[in-house]
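First up is the structure itself, then whatever we jot down about it.
Computed over heavy atoms, backbone and side chain alike; hydrogens, waters and symmetry mates excluded.
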Amino acid sequence: DAADCQAMGRGQHSVADAADCQAIGRVLPAPVLTPAATAAPIQTPSQQTDQQLEQARRRNLAAQRAEQRACTAQEAVAEVSPVANGSGTGHASVSAGQSANLPTSVPHAATDAAAEVPPAAKGGGKGHEPAPVLAGQSIDLSTSVLHAATDAAAEGEAGAGNQVPAGFESMCASCGLSPSERSACLQWLQMAGIRDVDNLSRLGPVRDGFNFFLREQVECGRMQKAPFCSMKDAISRQLEDRLNIGSSCRIFLSHTCKTTALSLAIQCMVSEVLPGASFWKMEDIPAGSGSAGNPRFNQQIMWSLDWCTTLLGVCDKTCAQSHPEWGCPSEWKKAFDLGKKVLILFINGELDEAKEGSAVLQDVARNVQLFPIPGGDGSSSQIKMIRGILRSDIIPQIR
């Protein structure tokens with residue numbers, strides 16, 4: 001009161017502390033807290049905005065943790081297998097059943113990680129309660145994490161030397177594959193070493209194995225029947241389109257008796273690239289031709305020359321003794337006179353000897369560029385060299 005303040009030499013409205021009260025022999029009364037004093041401070045709009053930003057930051061952190069947990073879950077089910085690239089390193093491959101069960105574990109990991117929202121940083125002894133994670137939000141998060149995990153797995157495979165096959169993404173989009181189905185098919189194709197989806201139509205054993213894998217996925221309930229049918233139809237269309245390649249090519253295969261086996265091997269090599277191409281050769285002349293009203297061999301030769309679009313000949317030294325009118329050199333000249341595309345392969349080192357005994361061959365060689373191939377006894381090295389020559393220089397010229 002005023003007397004106490006006067007005793008301490010202070011003004012009337014001074015506030016006494018514990019030391020002042022002790023000096024005058026009194027006890028400092030406890031302060032009375034009003035309801036207004038105990039209420040939480042009113043937050044300004046700027047403070048509310050900071051609180052929302054903090055909650056958003058916590059949600060982003062939870063999403064990152066969920067993504068990391070999803071990747072960890074996928075790596076846990078991966079089986080390490082060696083890469084056949086000579087580097088001695090390995091890459092992770094997931095079997096069909098594991099990759100199909102992966103999407104079930106990933107959403108659980110994502111939901112658990114999303115539920116672990118970190119508390120706010122403590123400041124001034126106060127904090128905020130973590131924002132609740134709604135069911136819809138956890139589902140969306142699981143879906144996004146699943147896509148991220150699948151993409152991360154694909155990138156990891158590519159980095160380890162096992163790339164995503166060309167045309168795979170377009171096939172998945174056209175067939176309507178789900179992320180789990182996409183992951184399972186990708187793992188199978190990478191395990192089989194397929195670098196291009198188009199190779200499924202080229203490699204019969206791989207194509208049949210892939211179709212068996214798809215049927216197995218449907219039976220186990222890991223793949224819906226509609227995507228399975230769509231993918232099988234897509235592969236069938238690819239196979240049908242491939243078989244039609246070269247369907248407009250009609251090839252007259254001309255050779256001597258000595259090069260019969262080599263000519264048949266050349267036909268197989270051409271068919272590998274042009275499976276739709278048609279061939280005619282003297283082995284196709286049926287027995288009994290020329291009797292009972294059937295056309296003679298020379299008539300069939302002329303009809304086949306008119307029918308063909310390209311003549312593919314094989315020249316060896318025995319062409320020097322060929323028939324002057326119906327032998328191989330004569331067939332080549334007739335095709336040239338008819339305006340056909342004439343492609344002649346000669347065994348290296350035997351052309352000069354063949355030209356010495358055949359004036360028709362000399363005439364053909366003056367007008368048509370002949371191409372050399374290695375000679376030999378049909379060894380694998382000879383066939384490989386001939387295949388390379390056919391694919392690079394001869395087959396692109398076939399009409």
### Message
For a 4.5 angstrom cut-off between non-hydrogen side-chain atoms, does M223 reach E216?
### Response
no

Next item on the list: Following the transitive rule for hydrophobic clusters with a side-chain heavy-atom cut-off under 4.5 Å over Ile, Leu, Val, Met, Phe, Trp and Tyr, establish whether L338 and V368 coincide in one cluster.
Entry: yes

One should read off an interatomic distance between T259 OG1 and I347 CD1, to the nearest 0.5 angstrom, of 6.5 Å

Taking every heavy atom of I344 against every heavy atom of C315, the minimum-distance pair comes out as CG2-CB, 4.2 Å

In short, V314 meets W332 closest at the heavy-atom pair O-CZ2, 3.8 Å

Check: Going through the distances and angles, do S381 and K384 end up as a side chain to side chain contact (heavy atoms under 4.5 Å, CB included)?
Finding: CA-CA 5 Å; S381 58; K384 287 181 179 179; 5.7 Å; no

Side-chain (S174) to main-chain (S170) donor-acceptor, under 3.5 angstrom
yes

Answer yes or no: is there a side-chain heavy-atom contact under 4.5 Å between L214 and F210? yes

Q. Does some side-chain heavy atom of F228 sit less than 4.5 Å from a side-chain heavy atom of S230?
A. no

Contacts satisfying salt bridge (charged side-chain N to carboxylate O under 4.0 Å, His left out) that involve residues 308-332 (not counting sequence neighbours) are none

OG of S178 to CZ of R222, rounded to nearest 0.5 Å, is 13.0 Å

dist E272:CD -> M269:CE (nearest 0.5 Å) comes out at 7.5 Å

Task: Crowding at CD, Q224 (>12 non-hydrogen neighbours, <6.0 Å) - done: no

Taking Q300 for its side chain and P295 for its backbone only, find out whether a donor-acceptor pair lies under 3.5 Å. yes

Applying side-chain contact (heavy atoms from CB on, under 4.5 Å) to F168 and not counting sequence neighbours gives V164, P165, M171, C172, R182, C185, L186, L189, V197

task = Apply side chain to side chain contact (heavy atoms under 4.5 Å, CB included) to C249 and T310, showing your working.
result = CA-CA 7 Å; C249 299; T310 299; over 6 Å; no

- Can any side-chain N or O of E353 pair as donor or acceptor with the backbone N or O of E350 at less than 3.5 Å? no

Can you tell me how the ring of F213 sits relative to the ring of W188, calling it parallel under 30°, perpendicular over 60° and tilted otherwise? parallel

Looking only at heavy atoms, the pair that brings V360 and P324 closest together is CG2-O, 4.2 Å

Do F252 and F279 share a hydrophobic cluster, counting only Ile, Leu, Val, Met, Phe, Trp and Tyr and linking them when any side-chain heavy atoms are less than 4.5 Å apart? no

When you compare the side chain of F371 with that of F346, does any pair of heavy atoms fall below 4.5 Å? no

| request: Flag the pair F297 / W326 as yes when at least one side-chain heavy-atom distance between them is below 4.5 Å, and no otherwise. | output: yes

Check your understanding: Can you find a heavy atom in the side chain of I266 that is under 4.5 Å from one in the side chain of I394?
Key -> no

Under 3.5 Å, is there a donor-acceptor pair between the side chain of S358 and the main chain of L361? yes

- Message: If hydrophobic clusters are built from ILVMFWY residues whose side chains come within less than 4.5 Å, do I301 and I251 share one?
- Response: no

Exercise for review: Report yes or no: does N367 contribute a side-chain atom to a donor-acceptor pair with the main-chain N or O of D363 at less than 3.5 Å?
Suggested key: yes

Before you tell me yes or no, could you show the steps for C257 and M282 under side chain to side chain contact (heavy atoms under 4.5 Å, CB included), namely the whole-Å CA-CA distance, both residues' side-chain angles and the distance that decides it to 0.1 Å?
CA-CA 10 Å; C257 295; M282 66 177 184; 4.2 Å; yes

Residues at least two apart in sequence or cross-chain that pass side-chain hydrogen bond (donor to acceptor under 3.5 Å, both in side chains) with K281, listed by chain then number, are Q267

Rounding to 0.5 Å, atoms OG (S291) and CZ (R296) come to a distance of 11.0 Å

Residues L305 and C308: closest non-hydrogen pair is O-SG, 3.3 Å

**Message:** Keeping Q217 on the side-chain end and E181 on the backbone end, is there a donor-acceptor pair under 3.5 Å?
**Reply:** no

Q. For atom CZ of R391, is the number of surrounding heavy atoms from other residues, nucleotides or ligands below 6.0 Å larger than 12?
A. yes

In this structure, CE of M231 is separated from CG of N211 (nearest 0.5 Å) by 10.0 Å

Review point. Applying the 4.5 Å side-chain criterion to the ILVMFWY set and letting contacts propagate, would I373 and V273 be lumped into a single cluster?
Key: yes

Note to self: Checking the side chain of S289 only, and the main-chain atoms of I285 only, is there a donor and an acceptor separated by less than 3.5 Å?
What the structure shows: no

State, yes or no, whether a side-chain contact exists between L343 and L370 at a heavy-atom distance under 4.5 Å.
no

When rounded to the nearest 0.5 Å, the distance separating CD of Q321 from NZ of K258 is 10.0 Å

Ignoring hydrogens and angles, tell me if any N or O in the side chain of T309 forms a donor-acceptor pair with the backbone of R399 under 3.5 Å.
yes

Between G327 and S322, the two heavy atoms sitting closest are CA-CB, 4.0 Å

Next on the checklist: Whether the side chain of S183 engages the backbone of S180 through a donor-acceptor N/O pair (distance < 3.5 Å, no angle test) should be reported.
Outcome noted: no

Applying the 4.5 Å side-chain criterion to the ILVMFWY set and letting contacts propagate, would M191 and L177 be lumped into a single cluster? yes

query: Do C319 and T256 have side chains that get closer than 4.5 Å, going by heavy atoms?
result: yes

- Is a salt bridge present between D337 and K334, judged by a nitrogen-to-oxygen distance below 4.0 Å? no

- Query: Is a side-chain donor or acceptor of S263 paired with a backbone partner of H255 at a separation under 3.5 angstrom?
  - Reply: no

Correct closest heavy-atom pair for V270 and I398 would be CG1-CD1, 4.0 Å

